[in-house]
Each structure stands twice: as C-alpha cells, then as structure tokens.
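To start, the structure itself, in structure tokens.
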Amino acid sequence: MSPRVWFITGCSTGFGRELVLQALKRGDKVIATARNVSKLADLEAEGAKILPLDVTADLGSLKQSAATAYAVYDRIDILVNNAGYLCSGSIEETSPEETYSQFNANVFGLLNINRAFLPYLRAQKSGVIANFSSIGAWTGPAGVGIYCASKWAVAGISEAMSSELAEFGIRTISIEPGFFRSKLLDGGNRSVIQNYIADYDGAAARKGMQMLEALDQKQPGDIAKGCKVIIDVLTQCSTAAGKDIPIRLALGADSYELIRAKCQETITLLDGWKDISTPTNHDDVAGNL
C-alpha cells in the first residue's frame, strides 16, 4: 500500500504532535501545522512537511492553506482536526467574548478547515476526517461548561458529516478522549475567566476548576498509546484491522466508563418519564413514539 497523506492541525503539543511522529514512523507522509511553525522544527527534521496555520483565520485564508497543502502530495487521505484549547469557569462568569473565542477555536475553526478541504476529498472520492471531540461531549461538569458545549457541537457536527459524506467515499469520526497526559490543562492551553465572581468560591463550579488544575500531568491516559489506537482505527490496521471506522471513538478507559454510564443513565431517565412525556401526538396519529 502506498503511503497515506495526513494533514493535522494543532501539532505543537499533545495528540497532534504524537500523531505526526507515529504516522511518520509507519511510513506515511504528514503535513503538520501550528500557528507558530518554529515549534515544529523537530517534526520537520523527522520528515514532516510543516505549514503555518491558524484555524481561526477566515475561510478564504484557510482555502488558500488547503490548496497549498494539497499541492504538496496531490492528495490528502486523512484530515485530523485536533487544534483547540480549554476555557474554564462557570457559565455566568464566562464572558460573551471568551465564549466566542472558545467556539471559534474548537468549533468554527474546525468547520472551516473541513469546508476548505472537502472539495479535494470529494474530487478524489476518498478520505477520512477525524474531528477531535472529548469525553466532555457526554457530560456538562461544573466549571467547564463552555468547553464541553463546544465539544458537544463537534460530536453533533461529526455525526451529520458522516451521513452527508459517506456517499462520496469520505468517512467521518468523532474522537472522544478521556483524560490524557497532554498539555490541555496547563496554562498554555487552558484559559481562566476574567469576570471573577466571589459567590462561586467553594461552590461546584470553582471546585470543578480546581479539580482540573490538580489533575494536570496526573491524567491516567498515555498520549503515545492513545495515538497508536487512533492511527490503527483511522487506517483500519493492526488492532483495528477488519473493522469499519466508527462514528465515535471513546478513547481511554475513563471515556468508555463515563459514556457507558451516561447511556445507561439516559435510558433510565427516558423510561422514568415516558408515560408523562410521550402522549403528545395528534389524536389522528396512531400510537405514540
């Protein structure tokens, strides 16, 4: 099989960086991106092509970047939308500007990257799009609600894209990691609200923020092991040989356990309220859903 071509956003740290290194070791070709390409010098030395990219740029600029990237190898096989950051704070404390910035990086940027590359993937009638969501797409913990909302959006977008793009030979997956020992929780990738409200001191939201701080570099997930799983799944080889690319990938034992519990909790909630919530059809509609 000829080497696959990867385009990965957010490669200066964490999952993005490790995915580049592991894909290269497997003999694939990689275009690695970051806002500051000086942080990618070692990846370039390993064989990656590097490209400056700010996912929050306007769509016209991102289309130019997509054209530049596509011209490198005349194809893109796997597009990984990994760039993003975490905004912590209660919903009330998070300003409209901070909320927009969170969605601009995690959601709007991802949307525009996909819009920029999809014409090429549709033309070649193949490709895999991996959108990084999170364990947070299944829950709304206190103190990190805006971040989780952005990841819920990514998961929903990914499901819609999966249905819309399958007929073009393009597969879409929402990758939903649990807590991995990346730099997501450190000061460089986690912003804290500026509109501080003292009433939240000692309350659930502040405790949630403090939990994230305490968890930094104590997360159970191993980035290298997680990236091996991701590459196996996206390339359908090794541990994922013979399997279809799933619409969602719960990455990590904590992600699996939380999502499974959430599904069971949701079924219990639905069943508990079914008799009250479902008799709402017009009388001429047979039965209830």
Side-chain angles (χ1 to χ4, degrees), residues 1-84 104-106 108-132 154 157-158 161 164-165 168-173 175 223-224 226-228 230-238 245:
M1 179 181 292
S2 58
R4 300 173 183 85
V5 178
W6 296 66
F7 183 93
I8 305 174
T9 69
C11 297
S12 59
T13 62
F15 279 105
R17 186 179 196 81
E18 184 64 26
L19 284 171
V20 173
L21 292 171
Q22 290 197 27
L24 289 171
K25 287 179 181 178
R26 296 199 189 197
D28 286 348
K29 301 179 184 298
V30 182
I31 301 170
T33 73
R35 285 178 295 178
N36 183 355
V37 292
S38 66
K39 296 181 179 180
L40 307 182
D42 60 330
L43 299 182
E44 185 176 28
E46 292 292 331
K49 301 293 184 182
I50 63 173
L51 184 69
L53 184 78
D54 180 352
V55 299
T56 65
D58 63 89
L59 181 56
S61 297
L62 294 178
K63 285 183 175 181
Q64 292 177 359
S65 296
T68 299
Y70 192 83
V72 174
Y73 297 113
D74 292 322
R75 70 180 296 107
I76 298 290
D77 297 301
I78 302 175
L79 169 62
V80 180
N81 286 296
N82 166 69
N104 200 25
N106 292 6
F108 306 147
L110 174 146
L111 281 168
N112 282 336
I113 288 289
N114 286 327
R115 289 166 177 146
F117 277 91
L118 274 170
Y120 301 100
L121 302 184
R122 283 189 290 99
Q124 68 189 30
K125 298 190 182 303
S126 66
V128 177
I129 297 175
N131 294 325
F132 263 79
V154 169
I157 289 165
S158 299
M161 288 177 62
E164 293 173 356
L165 300 176
F168 299 105
I170 302 167
R171 289 162 294 181
T172 307
I173 178 175
I175 298 175
I223 289 282
C227 286
K228 180 187 182 303
I230 291 170
I231 295 176
D232 285 353
V233 170
L234 299 186
T235 60
Q236 298 174 276
C237 66
S238 188
I245 295 175

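Two residues are said to be in side-chain contact when any heavy atoms from C-beta on lie closer than 4.5 Å; S126 and R75 meet this criterion. Counting heavy atoms from C-beta on, the side chains of L79 and Y120 never come closer than 4.5 Å. Residues L121 and F168 fail the side-chain proximity criterion, which asks for heavy atoms closer than 4.5 Å. Between L21 and L43 there is a side-chain heavy-atom pair separated by less than 4.5 Å. Within the 4.5 Å cutoff, side-chain heavy atoms of L53 are placed close to those of L62. For the pair N131 and T172, the minimum side-chain heavy-atom distance is below 4.5 Å.
Checking side-chain atoms of N82 against main-chain N and O of G10 turns up a donor-acceptor pair under 3.5 Å. Panel note: side chain T33, backbone P52; no donor-acceptor pair is recorded below 3.5 Å. Using a distance-only test at 3.5 Å, with no hydrogens or angles considered, a donor-acceptor pair links the side chain of T9 to the main chain of A83. Between the side chain of N81 and the backbone N or O of F132, no donor-acceptor pair lies under 3.5 Å. In this structure, the side chain of R17 engages the main chain of S12 through a donor-acceptor pair within 3.5 Å.
Shown here is K49, whose NZ atom has no more than 12 heavy atoms of other residues, nucleotides or ligands within 6.0 Å. Within a 6.0 Å radius of CZ in R26, other residues, nucleotides and ligands contribute more than 12 heavy atoms.
Looking at every heavy atom in both residues, A48 comes nearest to L24 through N-CD1, 3.8 Å. The two atoms that bring I173 and S158 nearest to each other are O-OG, 4.3 Å, heavy atoms only. In plain terms, the two heavy atoms of I76 and A69 that are nearest each other are CD1-O, 4.4 Å. Heavy-atom minimum distance, I170 versus R122: CD1-N, 3.8 Å. Closest approach of T235 and C237 over heavy atoms only: OG1-SG, 2.9 Å. Minimum interatomic distance between A23 and V30 (heavy atoms only, all atoms of both residues): CB-CG2, 3.7 Å.
Here the straight-line distance linking atom CZ of R4 with atom CD1 of I78 works out to 6.0 Å at 0.5 Å rounding. Between atom CE of residue M161 and atom CD1 of residue I157 there is a gap of 8.5 Å, rounded to the nearest 0.5 Å. Annotation: the span from R171 atom CZ to I245 atom CD1 amounts to 4.0 Å, rounded to 0.5 Å. How far NZ of K63 is from CZ of R115: 9.5 Å, rounded to the nearest 0.5 Å. To the nearest 0.5 Å, atoms CZ (F117) and CD1 (I129) are separated by 10.0 Å. One distance of note links CG of D28 with CG of L19; it measures 11.5 Å at 0.5 Å rounding.
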Derivation of the side-chain contact (heavy atoms from CB on, under 4.5 Å) call for F15 and I175: CA-CA 11 Å; F15 279 105; I175 298 175; over 6 Å; no
